[in-house]
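Working notes, structure below.
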Amino acid sequence: MNSGFKKAGAALAASAILLSAYSVEPTAVRADTDIKYELYLDSNELISGSTVVDKGLAYLPLKTIAEQLGANVVQNGNRITVRGKVYSFAIRIGSNTAVLNGKSTRMKGSPRTRNEEVFVPAKFLVDALKGTGLKYEPEVKTIVASDIYSGHNKSHYGGLNYRISSDGKLSATNSEGVTKQLYDFQTETYNPHTFEFTKTNQGLIILRITDIYGEPMVQQQVFTVIMKNGAVIRQSKVNYFKRFANNAAVSVNGKELVLTDGIKLRILEDHTGSVKETYDLIELGGVEGKYAVEAVEDDFFLIRSNTKGLLTYIDRRTGERIALYKELLPLEEQQYADNNDVPYYGDEIYFLRRTEQNLEFKITEGLSGKQYTKSINISSL
């Protein structure tokens with residue numbers, strides 16, 4: 001992260017008086033250190049600095065901002081081209097005509113140079129960087145815009161920007177600004193979300209959205225959708241308390257898809273998303289409450305009760321269950337995993353990989369804090 005970034009800890013002010021934008025082309029640039037700019041990025045970060053205002057029209061430093069965003073800037077004489085992951089534009093110093101994403105457009109003012117920097121009209125630059133809400137806050141003498149594309153936001157995938165609203169509506173917006181609602185979870189969401197995309201072997205897209213909330217951040221809700229050709233074909237939602245989950249999206253061998261609401265486990269066919277098998281997790285695990293599904297294979301499942309927190313091996317053919325902490329931890333650590341509730345019950349055993357009949361796990365002992373990996377042969381279970 002560039003040093004010019006700062007975390008945006010508070011929400012933007014609701015509304016303010018816009019800077020007047022004169023249609024008359026300004027002919028001079030006057031440095032005005034009293035006027036600042038604050039550009040809030042879609043990654044919840046902030047770029048700030050000093051701007052220039054002439055005849056009511058705000059200008060922003062193109063090279064400085066583009067460099068902080070990681071965009072590619074090429075200058076050939078008076079022509080400057082800027083390319084980012086989801087945008088491209090070209091301007092010419094002294095001309096109010098620009099090319100934005102392949103289309104000609106006119107700016108309110110003409111770009112010009114000052115001390116090797118190039119200043120461009122604020123509205124044009126904010127629009128070009130996918131930003132919104134350009135406004136002037138006179139009480140703090142600051143030009144503000146939000147949703148500037150950072151390139152760090154994990155919600156961008158395949159040329160689309162995904163978003164889940166505070167009331168649970170999942171949508172995707174393309175580069176032209178056209179938004180399509182994909183699914184309505186009809187659930188309230190809270191803090192900034194994390195997005196994780198997985199492309200399956202057969203070309204389906206699995207999107208998992210995680211929302212952590214509460215005081216002191218002890219609630220986790222996970223929204224999962226499986227998409228085919230841009231449409232949602234399967235979905236699930238699950239809530240966890242204290243013990244957060246990292247559910248598997250695909251099987252270890254990559255042949256099956258995994259979907260859970262914490263109570264039911266659905267095994268799906270890749271390519272079609274059809275449900276092949278459904279399992280009752282409470283019946284499998286033997287404990288009431290929600291479950292995480294941490295691994296799925298042809299011959300076993302690894303599941304963890306959100307209540308007890310113990311990683312459990314389930315024989316997929318027979319349904320036999322084995323608490324792995326009893327196989328992998330020394331006796332005193334077993335007792336600690338059984339009884340300790342700070343910060344939650346259970347063990348810190350996590351599946352890493354399978355090599356033939358051996359399962360490898362990463363282990364953190366609760367009492368000693370010692371970390372190591374350990375393998376166990378399936379035939380011994």
Side-chain angles (χ1 to χ4, degrees), residues 194 196 208 210-224 236-249 251-252 258-266 279-297 299-316 318-354 358-378 380-381:
T194 60
E196 179 184 356
R208 178 179 296 142
T210 302
D211 180 23
I212 297 174
Y213 62 99
E215 186 60 42
M217 307 299 280
V218 293
Q219 303 279 355
Q220 179 197 41
Q221 56 182 349
V222 183
F223 306 91
T224 304
S236 70
K237 181 182 77 70
V238 58
N239 291 78
Y240 297 107
F241 178 66
K242 286 190 177 180
R243 181 104 198 196
F244 295 164
N246 185 21
N247 288 314
S251 60
V252 176
V258 181
L259 204 59
T260 183
D261 62 0
I263 302 297
K264 298 291 185 181
L265 164 62
R266 286 182 285 171
Y279 296 86
D280 186 317
L281 288 169
I282 296 176
E283 182 178 327
L284 288 177
V287 177
E288 292 294 325
K290 301 288 181 66
Y291 281 80
V293 180
E294 299 188 13
V296 167
E297 255 286 32
D299 49 353
F300 71 86
F301 303 138
L302 294 179
I303 65 175
R304 190 188 304 270
S305 163
N306 191 234
T307 304
K308 293 295 185 180
L310 299 171
L311 187 63
T312 303
Y313 175 95
I314 306 292
D315 188 305
R316 187 166 174 176
T318 67
E320 179 186 2
R321 76 176 73 98
I322 299 171
L324 289 173
Y325 77 115
K326 293 185 177 180
E327 307 292 328
L328 296 169
L329 295 179
L331 180 60
E332 64 273 17
E333 290 290 344
Q334 293 180 33
Q335 294 171 342
Y336 185 82
D338 265 330
N339 299 309
N340 178 64
D341 63 350
V342 179
Y344 40 67
Y345 286 106
D347 58 56
E348 293 288 343
I349 301 173
Y350 297 100
F351 176 69
L352 291 176
R353 64 186 63 85
R354 177 178 186 168
N358 292 316
L359 305 182
E360 184 178 355
F361 298 90
K362 178 181 177 182
I363 299 171
T364 301
E365 293 187 352
L367 280 173
S368 68
K370 183 180 177 182
Q371 293 186 338
Y372 52 91
T373 61
K374 191 172 182 178
S375 296
I376 190 169
N377 193 284
I378 291 178
S380 68
L381 296 174

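Val342 approaches Tyr336 most closely through the heavy-atom pair O-OH, 4.4 Å. The heavy-atom pair separating Phe361 from Leu352 by the smallest distance is C-CD1, 3.9 Å. Smallest separation of non-hydrogen atoms from Ala245 and Ala292: CB-CB, 3.4 Å. Asp261 and Lys290 get closest at one heavy-atom pair: O-CD, 4.0 Å. Closest of all the heavy-atom pairs between Ser368 and Glu333 is N-OE2, 3.4 Å. Here the shortest heavy-atom pairing between Glu297 and Val252 reads CG-CB, 3.5 Å.
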Could you walk me through whether Leu311 and Leu328 pass side chain to side chain contact (heavy atoms under 4.5 Å, CB included), step by step? CA-CA 11 Å; Leu311 187 63; Leu328 296 169; over 6 Å; no

Verdict with supporting geometry, Asp280 and Lys264, salt bridge (Lys or Arg N to Asp or Glu O under 4.0 Å): CA-CA 5 Å; Asp280 186 317; Lys264 298 291 185 181; 3.6 Å; yes

Derivation and outcome, side chain to side chain contact (heavy atoms under 4.5 Å, CB included), residues Thr260 and Thr224: CA-CA 9 Å; Thr260 183; Thr224 304; over 6 Å; no

Please assess Leu281 against Ile263 for the test side chain to side chain contact (heavy atoms under 4.5 Å, CB included), listing each intermediate value before the final yes or no. CA-CA 5 Å; Leu281 288 169; Ile263 302 297; 5.9 Å; no

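The side-chain tip of Arg304 points at the ring of Tyr350 from less than 6.0 angstrom away and within 45° of straight on. In this structure, Lys370 forms a cation-pi arrangement with Tyr372, its terminal cationic atom sitting closer than 6.0 Å to the ring centre and no more than 45° off the ring axis.
Phe241 is listed as a side-chain neighbour of Val218, based on a closest heavy-atom distance under 4.5 Å. By the 4.5 Å heavy-atom criterion applied to side chains, Leu329 and Ile349 are counted as neighbours. The closest side-chain heavy-atom distance from Leu265 to Tyr291 is not below 4.5 Å. Side-chain contact check for Thr210 versus Val222: some heavy-atom pair is nearer than 4.5 Å. Looking at Asp299 and Arg354, their side chains come closer than 4.5 Å, going by heavy atoms from C-beta outward. With contacts defined as side-chain heavy-atom distances shorter than 4.5 Å, the pair Ile322/Asp315 does not qualify.
Heavy atoms from other residues, nucleotides or ligands lying under 6.0 Å from NZ of Lys237 number more than 12. A 6.0 Å sphere centred on CG of Asn246 holds no more than 12 heavy atoms belonging to other residues, nucleotides or ligands.
Of the inter-residue distances, the one linking Phe244 atom CZ with Asn247 atom CG reads 13.5 Å to the nearest 0.5 angstrom. One distance of note links NZ of Lys374 with CD of Glu327; it measures 9.0 Å at 0.5 Å rounding. In this structure, the separation between CZ on Phe300 and CZ on Phe351 is 4.5 Å, given to the nearest 0.5 Å. Expressed to the nearest 0.5 Å, how far OH of Tyr313 lies from CG of Leu381 amounts to 5.5 Å. Put simply, CD on Glu320 and CG on Leu284 are 12.5 Å apart, with the number rounded to the nearest 0.5 Å. Going from atom CD of Glu360 over to atom OG1 of Thr373 covers 4.5 Å, rounded to the nearest 0.5 Å.
With sequence neighbours excluded, no residue forms a ring-ring contact (aromatic ring centres under 6.0 Å, His included) with Tyr345.
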